[in-house]
Amino acid sequence: MAQRVQMMEAQVQTEPENSQAWFSLGHAYVSASQYDKAIAAFDKVIDLVGKHAELLGPKATAMYYQAGQQMTPQIQAIIDESLAMDPQDPSTLLLVGMDSFFDANYPKAIEAWQSIIDSGRPDVDRAALMDAIATANLRMQGGDSAAMPDDDAHKQAKAHSGNTISVSVS
């Protein structure tokens with residue numbers, strides 16, 4: 001991961017106006033638990049191309065992990081702004097669902113994840129979302145199920161806070 005981040009950092013140094021490179025670097029920083037740098041990278045993309053829901057969602061997610069998986073008023077404001085721009089933005093709805101799941105607000109988590117599935121967007125992992133919904137349903141019915149599928153960044157965050165959920169969007 002460190003090598004991947006270094007390569008991406010080198011790319012944005014040689015191509016400082018490449019918004020896609022900055023966006024990818026932001027995601028790499030999140031995966032490497034470098035949340036301050038991730039937020040700065042997403043801010044750079046916003047500076048280059050303007051505010052869009054698909055940029056605000058990842059920024060809010062980085063801020064959420066930076067805050068120890070706690071929803072703050074600042075993060076909520078970014079979520080609200082993102083959903084006002086695009087009520088079906090997958091990255092923002094993933095965060096809403098994940099936070100709701102952590103708070104044991106399973107109906108809200110299911111609603112957020114179902115919205116992503118219902119959006120018909122081809123770039124979402126429907127199987128992972130359906131697994132997350134199934135787990136939330138089990139928990140809602142009093143059953144305790146296995147942990148949610150998670151990636152390396154979320155595993156690290158999980159070590160710091162207990163429960164976690166992860167859904168990947170490509």
Side-chain angles (χ1 to χ4, degrees), residues 1-72 74-76 78-79 82 86 89-103 109 112-113 116-117 121-133 135-136 145-170:
M1 179 55 69
Q3 192 173 31
R4 179 176 168 222
V5 167
Q6 286 176 340
M7 288 174 42
M8 291 179 168
E9 288 173 335
Q11 182 180 7
V12 298
Q13 284 192 356
T14 60
E15 302 175 60
E17 303 299 309
N18 184 337
S19 61
Q20 185 58 48
W22 280 104
F23 186 72
S24 296
L25 179 59
H27 282 289
Y29 282 144
V30 170
S31 295
S33 300
Q34 296 180 26
Y35 306 119
D36 289 338
K37 289 181 178 181
I39 294 163
F42 293 128
D43 281 340
K44 177 65 175 179
V45 179
I46 291 168
D47 288 344
L48 291 170
V49 302
K51 279 189 181 179
H52 300 278
E54 59 267 14
L55 303 176
L56 293 174
K59 177 182 176 179
T61 300
M63 292 171 67
Y64 181 78
Y65 283 119
Q66 181 187 48
Q69 293 180 299
Q70 298 297 315
M71 190 60 65
T72 67
Q74 184 182 16
I75 297 166
Q76 187 61 56
I78 293 171
I79 288 170
S82 175
D86 180 359
D89 177 61
S91 61
T92 305
L93 289 172
L94 285 171
L95 176 56
V96 169
M98 181 173 57
D99 183 63
S100 299
F101 185 90
F102 290 154
D103 288 341
W113 296 328
I116 298 168
I117 292 171
R121 296 181 190 214
D123 57 345
V124 298
D125 185 347
R126 283 172 169 55
L129 288 166
M130 290 170 29
D131 286 346
I133 289 169
T135 300
S145 64
M148 298 301 295
D150 53 12
D151 62 23
D152 291 341
H154 297 145
K155 286 179 186 173
Q156 191 163 16
K158 182 178 180 179
H160 298 294
S161 69
N163 294 333
T164 188
I165 181 173
S166 169
V167 182
S168 297
V169 177
S170 311

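Bear in mind that the values here come from a model prediction, so they are computed numbers and not experimental data. For reference, positions follow the sequence shown, starting with 1.
How far CG of D103 is from CE of M71: 8.0 Å, rounded to the nearest 0.5 Å. Put simply, CD on E9 and CD on Q6 are 7.0 Å apart, with the number rounded to the nearest 0.5 Å. H52 NE2 to S82 OG: the interatomic distance, rounded to the nearest 0.5 Å, is 11.5 Å. If you take NZ on K37 and OH on Y29, they are separated by 5.0 Å, rounding to the nearest 0.5 Å.
Q69 places a side-chain heavy atom less than 4.5 Å from the side chain of Y64. By the 4.5 Å heavy-atom criterion applied to side chains, I117 and I133 are counted as neighbours. Two residues are said to be in side-chain contact when any heavy atoms from C-beta on lie closer than 4.5 Å; L48 and F23 fail this criterion. Looking at Q70 and F102, their side chains never come closer than 4.5 Å, going by heavy atoms from C-beta outward. The shortest side-chain heavy-atom distance between L56 and I46 falls under the 4.5 Å cut-off. Using a 4.5 Å heavy-atom cutoff, the side chains of S91 and L95 are not in contact. The closest side-chain heavy-atom distance from L25 to K44 is not below 4.5 Å. At least one side-chain heavy atom of H27 sits less than 4.5 Å from a side-chain heavy atom of F42.
The two residues Y35 and V30 come nearest to each other via the heavy atoms CE2-O, 3.7 Å. Pairing each heavy atom of S24 with each of M8, the nearest pair is O-SD, 3.7 Å. The minimum heavy-atom distance between V45 and S19, with the atom names listed, is CG2-O, 3.5 Å. Residues L55 and G50 share a closest heavy-atom pair of CD1-O, 3.4 Å. Considering every non-hydrogen atom in both A60 and I75, the closest pair reads O-CG2, 3.9 Å. When all heavy atoms are compared, the tightest approach of P58 to A53 is CD-O, 4.4 Å.
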Inset, instruction - Could you walk me through whether T92 and I78 pass the side chain to side chain contact (heavy atoms under 4.5 Å, CB included) test, one step at a time? - result: CA-CA 9 Å; T92 305; I78 293 171; over 6 Å; no
Legend entry - Residue pair L94, T61: steps toward the side chain to side chain contact (heavy atoms under 4.5 Å, CB included) verdict: CA-CA 9 Å; L94 285 171; T61 300; over 6 Å; no
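Around CE of M1, the count of heavy atoms belonging to other residues, nucleotides or ligands within 6.0 Å exceeds 12. Residue Q76 places its CD atom among more than 12 non-hydrogen atoms of other residues, nucleotides or ligands, all under 6.0 Å distant.
Just one of D43, D36, D89, D47 meets the salt bridge (Lys or Arg N to Asp or Glu O under 4.0 Å) condition when paired with K59; it is D43.
Residues passing the salt bridge (Lys or Arg N to Asp or Glu O under 4.0 Å) test with R126, sequence neighbours excluded: none.
Judged purely by atom type and a 3.5 angstrom limit, S100 uses its side chain to pair as donor or acceptor with the backbone of V96. A donor-acceptor pair is defined here as one N or O able to donate and one able to accept, closer than 3.5 Å; no such pair exists between the side chain of W113 and the backbone of M130.
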